[in-house]
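Some notes on the structure that comes next.
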Amino acid sequence: SIEKGGKGKIDMSHCCPGGIPNQNVCTQNIADILVRGANNHPFDFMALQEILEDNPHQWPSLLENMNKIQPDFLSKYGVVFSATPNKKAGIMLIYNNRFTLKKHITGNLLKPQHSNANKSGRPFQIAVFREGIIYINLHLPHQEEFNGNLIEVVTSIINGELRKLDEFR
């Protein structure tokens with residue numbers, strides 16, 4: 001689902017009726033929903049998860065489809081992508097080009113000592129914008145996949161990355 005202005009979610013279960021019979025059709029449908037949604041309700045930031053789960057070419061295909069639907073779409077929005085080291089899980093941030101990306105930090109929230117079963121990992125990204133905005137996109141693990149206190153470990157990882165930024169020194 002997509003967060004809409006922080007006030008709710010848009011149900012996208014209809015993008016691939018009956019499951020995912022054809023990944024390309026699903027990706028085209030998602031691109032169509034995103035572009036049409038942005039045209040009706042322009043956004044500043046949109047965070048997506050599960051980008052690489054089944055298809056390592058999904059995120060470029062998603063962007064290509066968005067540009068086919070509206071050729072100037074990606075001239076209005078910037079994109080930053082992050083994946084786990086094994087490239088099995090990915091997240092994407094699409095942001096309005098009225099913001100200037102200054103720095104992009106990526107990482108994996110599931111270190112071997114914290115993981116019970118998840119082989120793909122859980123990516124995170126921190127996007128720092130010149131306008132004083134820091135946008136954090138996390139693909140959090142489920143508690144049953146995690147050894148230890150999830151909140152403490154994730155907070156420690158993210159705070160450790162933020163402390164490295166000049167803005168926090």
Side-chain angles (χ1 to χ4, degrees), residues 1-110 118 120-142 154 158 161-162 165 167:
S1 57
I2 301 173
E3 292 292 331
K4 180 184 174 191
K7 297 180 183 174
K9 293 186 177 188
I10 300 170
D11 180 13
M12 292 183 60
S13 60
H14 63 282
C15 79
C16 295
I20 304 179
N22 182 330
Q23 189 74 32
N24 292 330
V25 170
C26 190
T27 301
Q28 290 168 2
N29 289 339
I30 291 170
D32 186 61
I33 290 167
L34 295 176
V35 170
R36 289 179 198 279
N39 285 335
N40 293 328
H41 305 284
F43 61 88
D44 289 332
F45 302 96
M46 181 184 298
L48 304 174
Q49 297 180 352
E50 309 288 351
I51 298 295
L52 285 180
E53 210 66 39
D54 298 310
N55 182 347
H57 304 291
Q58 183 183 24
W59 78 272
S61 175
L62 179 63
L63 298 177
E64 289 167 11
N65 279 299
M66 292 168 99
N67 248 3
K68 282 180 193 171
I69 295 164
Q70 182 178 330
D72 68 339
F73 184 81
L74 290 177
S75 67
K76 297 176 188 174
Y77 293 97
V79 177
V80 287
F81 176 79
S82 305
T84 53
N86 63 7
K87 307 287 188 226
K88 292 199 179 234
I91 56 178
M92 181 188 302
L93 174 63
I94 303 172
Y95 62 92
N96 192 307
N97 273 340
R98 69 186 185 94
F99 299 100
T100 305
L101 183 66
K102 191 168 140 183
K103 186 167 189 159
H104 180 233
I105 301 167
T106 65
N108 186 7
L109 293 172
L110 277 185
N118 191 297
S120 62
R122 295 292 189 203
F124 72 85
Q125 59 186 184
I126 301 171
V128 180
F129 294 90
R130 184 165 292 137
E131 293 76 12
I133 296 169
I134 298 176
Y135 195 100
I136 301 172
N137 184 9
L138 307 170
H139 188 170
L140 290 173
H142 300 272
V154 170
I158 298 302
E161 294 298 330
L162 291 173
L165 295 172
E167 290 81 356

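Sequential numbering from 1 along the given sequence is applied to the chain's residues.
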Problem - Leu93 side chain reached by His104 side chain, heavy atoms, under 4.5 Å - result: no
Exercise for the section: May I ask you to check whether Phe99 and Phe45 place their ring centers less than 6.0 Å from one another? Expected result: yes
Exercise for the section: Apply side chain to side chain contact (heavy atoms under 4.5 Å, CB included) to Ser82 and His139, showing your working. Expected result: CA-CA 11 Å; Ser82 305; His139 188 170; over 6 Å; no
Problem - Interatomic spacing from CD in Gln125 to CG in Asn137 - rounded to 0.5 Å - result: 4.5 Å
Exercise for the section: Any chance you could lay out the ring-ring contact (aromatic ring centres under 6.0 Å, His included) test for Tyr95 and Phe129, step after step, and finish with the verdict? Expected result: CA-CA 10 Å; Tyr95 62 92; Phe129 294 90; 5.0 Å; yes
Throw together a table of side-chain donor-acceptor distances under 3.5 angstrom for residues 71-78, partners on residues two or more places apart or in other chains.
unit_1, atom_1, unit_2, atom_2, d
Asp72, OD1, Gln70, NE2, 2.8
Ser75, OG, Asp72, O, 2.5

Handout entry: Nearest atoms (heavy-atom pairs only) where Ala127 meets Leu101
Key = CB-CD1, 3.8 Å
Handout entry: CD1 on Ile94 to CG on Leu63, rounded to 0.5 Å
Key = 6.5 Å
Handout entry: Heavy-atom side-chain contact between Ile126 and Ile134 under 4.5 Å
Key = yes
Practice task
Apply side chain to side chain contact (heavy atoms under 4.5 Å, CB included) to Arg98 and Asp44, showing your working.
Solution key: CA-CA 8 Å; Arg98 69 186 185 94; Asp44 289 332; 3.0 Å; yes
Exercise for the section: Find the distance between CD1 (Ile91) and OG1 (Thr106) and round it off to the nearest 0.5 Å. Expected result: 8.5 Å
Practice task
Kindly write out the residues that satisfy side chain to side chain donor-acceptor pair (under 3.5 Å) with Asn97, not counting sequence neighbours, or none if the list is empty.
Solution key: none
